[in-house]
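The chains referred to below are lettered A, B, ... by the order of the sequence lines, with proteins before strands, and numbering in each begins at 1.
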Amino acid sequence: MTEPALVLQDYSFWFKPPSGEPEGPPALKDVNFEIDQGAFVLVLGRSGAGKSTLALNMVGIYPDYFGGRNQGAMLVYHPERGLINRRELSAGERFRLVNMLFQNPEDQIVTLTVEEEVGFALENYLFPPNEIHERIDRALDLVGLQGFRERSTMQLSGGEKQRVALAAMLALEPRVMILDEPTSNLDPAGTADVLATIDRVRSLVDLTVMVIEHEVDEVFDRVDTVLLVEDQEVHGPFSPRHFMAERGLHVRDDMGLWIPQAAEVGLELQREGIHVTEVPLNGDELVNSLAHLDGHFPIRQADPGSSTNSASPRGETVIEIDNVSFSYGDHEVLSGVSLTAHRGELLAILGQNGSGKSTLATLLNGINRPSSGEVRVEGKRTTDYEFAHLVKRVAYIFQVPEKQFVRNTVFDEIAHGLQALGLPEDEVQEKTMEFLESVRLADRAEASPYVLSHGQKRRLSVACMVVAQPDVIVLDEPTYGQDFHQARNLVQLLRRLADEGAAVVFITHDMRLVAEYVDRVAVLCDGRIIFDGTPSELFSAEEVLAKARLKPPSVHEFSPKLLGEPVLTTPEVVRRIKEVIGGTN
Amino acid sequence: MAQTELSYREADSLFHRMTPFSKLLFVLSISTVAIFNNNLGVAIGLFVFSFLIAAFFTGVSLKEYWRFGKVILPFILILAVVFPFFYGGQTTVGTEEIAIRTPIKDLRWADLGFGALLGLRFLALGISGLVFAFTTHPTDLVQNLSKRGWDYRLVHAPVLGLVLFPVFLELGRDISITQRIRDLGQDTNPIRRKWIRLKHLAFAMLVLGLRNGQTQAMALDIRGYGAHKTRTFMRPAKKHRGGEIFAWAFFVLSIAYLAWKWNPATMQWNMDL
């Protein structure tokens, strides 16, 4: 019997308290688990539950580099010495056994070319030059980046950077590789590239992989073990199916995590008393698990009206983008773009990284001016507005909320926008409290914006930009890095703002939210709009999806096998299945 | 991410073949002579020499130099025009005869000569600095200085600087946009607004920069940065005997010239202050 790759025994960890303050409660409490060699492990948990802390402990960054106290044992498998306590290894030896890839590829690039980046750790570990070259070739081959050796790291796409970082880690040939949300910064194409690369690496190299992910639809049926981090405790390991059967609805409803859409449908049907042979982890399994209901599927007599989210009636036009082009120097980013946005509408802008989405957003409130063509807000050209006036009508919300804070407390952050409107002080106080309550931050009024959790920061960044009641709200990837509850709450807040009369325009890669909430979608590809329509029209437009390398949510792919036509949301699939077969079980 | 400015330009030239240490020696020699020299003829010679080196021995087009030159040239001109009004007469760069009468001060040939000396000094410094930046690959610099006994963690800093600089610029740009969007410093006079925005920019960049820096530090640790006192290098180190002889010869000449001309009484800056 082979020894496990990693064992944690009664392991606890406390962060180093600020000087003079007592130690807080443990950040990890009595953790016990064993991971088999060669396993592919998914680590789940809501934001702030301790997933990254667990990863940084396993790799040894905590407590060795950033302090803190630990107790218990962490054993790692050493090829020559067998299972060994981590403390008996030097830092260098540990990193060669257990290594880690961070969320943002930009954070881990430390050299100027791909070759140097992949060889960097090897040079630090004193590998001889000929072996360094061999390992670089092998690692780049594993991640499918042959021919990239001489490329500048600054000219790579997000997906390519993440694959280079993966190659840099693989070149060390670690036994355990930890990936902390490796796809959260990537567009669907980049995500697909990275996941395909991990599959390829696992098929070629004996490696234990642990991946921390929020977006599990693409990952869940690939892994063979699941760990759940909840309130500083780690539960598991579970087999994915067992985990989903036992805890699927709990993690979705009580913890606010995403679960695969096929599993969601299966579990909801089970809850409704419909027999599902086993909890499915992907669309094909869902179809098979309902095979005993043969004769019902696919349902041919579907109600066509309910299967698509037809465009909601549009309010008046607020933004008109008319044949706009924009260049940075000689590089044309947007070319002949025409688009409108309307009151009461949620408009999503989709496209690959680098397709021009963020640039388009910056033209709406005058941060940038078009090289040619016109952008009109309420019929008036943006170039005819004073900047200070325009930005009050068109609010722009950055992807990284911290970039948006200008004051020292949460209260002042909201009040700042109201003061700018010239409201009397007592009204500012009153309205600020109202806003804080509406975004559930009243209890953090005196806190610094920088110490809030990621979800709180995001809510604050939206709140401080909408206090002036703008006509248009533009958001750059508002749900990035958020769990299911946080993302859904935010989109519901945007829906409310749209219903109150604003036009909401947001850039996103999150196809599930697009399918569920968005009224209209515009797709940018190489600086041109190649699609403008409803989400259901987009997900059926295969040529557009292929060109922009977009991927519909999995429910859109498996629903035709059950219902005869695509459906956009899991509640709709469940409702339709129940309608047809509910009475037969 | 934007292309890093002021970085290496790929080419095959004498200066590309020279080791980074030789080039460093050469640039240091030019800089030292340029700073301490008080002879207009030598200042012109240094400027022409560094210009010729840039034009014919670096394989980089003069257009590339001009891209940066046009940014710093106005500052150099301002120095050359403004400083003669504050010239105390410590150096001998011209006669005491009045050359130009102005409402502020009548300028002598010595004052004007001092202005020209300053301008030429900074031109020579700027050009030789660009020669070094354009022809020295940061990795070669790390390797070369490490092999000369410098701590590689220290000499890797310029590479990290080049990698992080565009990120830092982008951060600063985004925060400045935020300040404009949110009208930070509203209802105050322009000078006070500038001060409020500068304070906020410094604080926000410090907080966010430290956070990015901490992640970068973890990425470096995980990849064995500092795990050993030395490191290997995948590429063989550059060697260029001719370049080394040229740099050392230039260094010795510079020292000899300065020793010959050394006289605190005729320094531009009054050292007795």
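Proximity to chain B (any heavy atom under 4.5 Å) is restricted, for A:N365, to the side chain, taken from C-beta onward. Only the backbone of A:L122 comes within contact range of chain B, with heavy atoms under 4.5 Å apart. Both the backbone and the side chain of B:I181 come within less than 4.5 Å of a heavy atom in chain A. Contacts of A:V59 with chain B are made by side-chain atoms alone, with heavy-atom separations under 4.5 Å and no backbone atom involved. Both the backbone and the side chain of A:F120 come within contact range of chain B, with heavy atoms under 4.5 Å apart. When heavy atoms are compared at a cutoff of 4.5 Å, A:M465 approaches chain B solely by way of its side chain, counted from C-beta outward. A:L56 touches chain B through its side chain: at least one heavy atom from C-beta onward sits under 4.5 Å away, while N, CA, C and O do not. Both the backbone and the side chain of A:Y125 come within contact range of chain B, with heavy atoms under 4.5 Å apart. At a 4.5 Å heavy-atom cutoff, the contact between B:R211 and chain A is made by side-chain atoms alone.
Close approach to chain A, defined as a heavy atom under 4.5 Å from one of its heavy atoms, is seen in no residue of residues 15-32 of chain B. Using a 4.5 Å cut-off between non-hydrogen atoms, the part of residues 224-235 of chain B that approaches chain A consists of B:G224, B:Y225, B:A227, B:H228, B:T230, B:R231, B:T232, B:F233, B:M234, B:R235.
Here the side chains of A:I367 and B:R180 are not in contact, with every heavy-atom distance at 4.5 Å or above. A 4.5 Å side-chain heavy-atom check between B:I177 and A:Y396 finds every atom pair outside the cut-off. You'll find the side chain of B:Y152 reaches within 4.5 Å of the side chain of A:N124, heavy atoms only.
Other residues, nucleotides and ligands contribute over 12 non-hydrogen atoms within 6.0 Å of the OH atom of A:Y385. Within 6.0 Å of NZ on B:K147 lie more than 12 heavy atoms contributed by other residues, nucleotides or ligands. In A:D64, the CG atom is crowded: over 12 heavy atoms of neighbouring residues, nucleotides or ligands sit closer than 6.0 Å. Heavy atoms of other residues, nucleotides or ligands lying less than 6.0 angstrom from CZ of B:F246 number more than 12. Surrounding CG of B:L210 are more than 12 heavy atoms belonging to other residues, nucleotides or ligands, all under 6.0 Å away. Environment of CZ in A:F387: crowded, with over 12 heavy atoms of neighbouring residues, nucleotides or ligands closer than 6.0 Å.
Counting all heavy atoms, side chain and backbone alike, B:L208 lies closest to A:Y450 at CD2-CE2, 4.5 Å. Counting all heavy atoms, side chain and backbone alike, B:L171 lies closest to A:K403 at CD1-CE, 3.7 Å. Here the closest non-hydrogen pair linking B:H200 and A:F405 is NE2-O, 2.7 Å. The two residues A:F95 and B:D221 come nearest to each other via the heavy atoms CE1-O, 2.9 Å.
Note: A:P129 leads A:P129, A:P128, A:A395 in heavy-atom pairs under 4.5 Å with chain B. When B:V142, B:T139, B:I175, B:L201 are compared by the number of non-hydrogen pairs under 4.5 Å with chain A, B:T139 comes out ahead. For chain A, the option among B:A219, B:G213, B:P236 with the highest count of heavy-atom pairs below 4.5 Å is B:A219. Residue with the most contacts toward chain B among A:L126, A:V391, A:I132: A:L126 (heavy-atom pairs, distance under 4.5 Å). Options A:E131, A:M100, A:E115, A:E93 differ in how many heavy-atom pairs under 4.5 Å they form with chain B, and the most are formed by A:E115.
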For B:E10 and A:E150, run side-chain contact (heavy atoms from CB on, under 4.5 Å): C-alpha distance rounded to whole Å, both residues' side-chain angles, the deciding distance at 0.1 Å, then the answer.
CA-CA 12 Å; B:E10 188 77 54; A:E150 307 295 328; over 6 Å; no

The test is side-chain contact (heavy atoms from CB on, under 4.5 Å); show your working for A:F66 and B:M218 and say whether it passes.
CA-CA 9 Å; A:F66 290 105; B:M218 284 196 276; 3.0 Å; yes

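The distance from the CD1 atom of A:I61 to the CD1 atom of B:I222 is 4.0 Å, given to the nearest 0.5 Å. With rounding to the nearest 0.5 Å, the separation of CG in B:D174 from CD in A:E402 is 12.0 Å. Rounding to the nearest 0.5 angstrom, the gap separating the NZ atom in A:K392 from the CZ atom in B:R182 is 11.0 Å. For the atom pair B:L220 CG and A:Q108 CD, the distance stands at 11.0 Å (nearest 0.5 Å).
Using modelled atom types and a 3.5 Å distance limit, the side chains of B:T178 and A:Q404 yield no donor-acceptor pair.
Checked for salt-bridge contact, B:R223 and A:E117 meet the test: a charged N lies under 4.0 Å from a carboxylate O.
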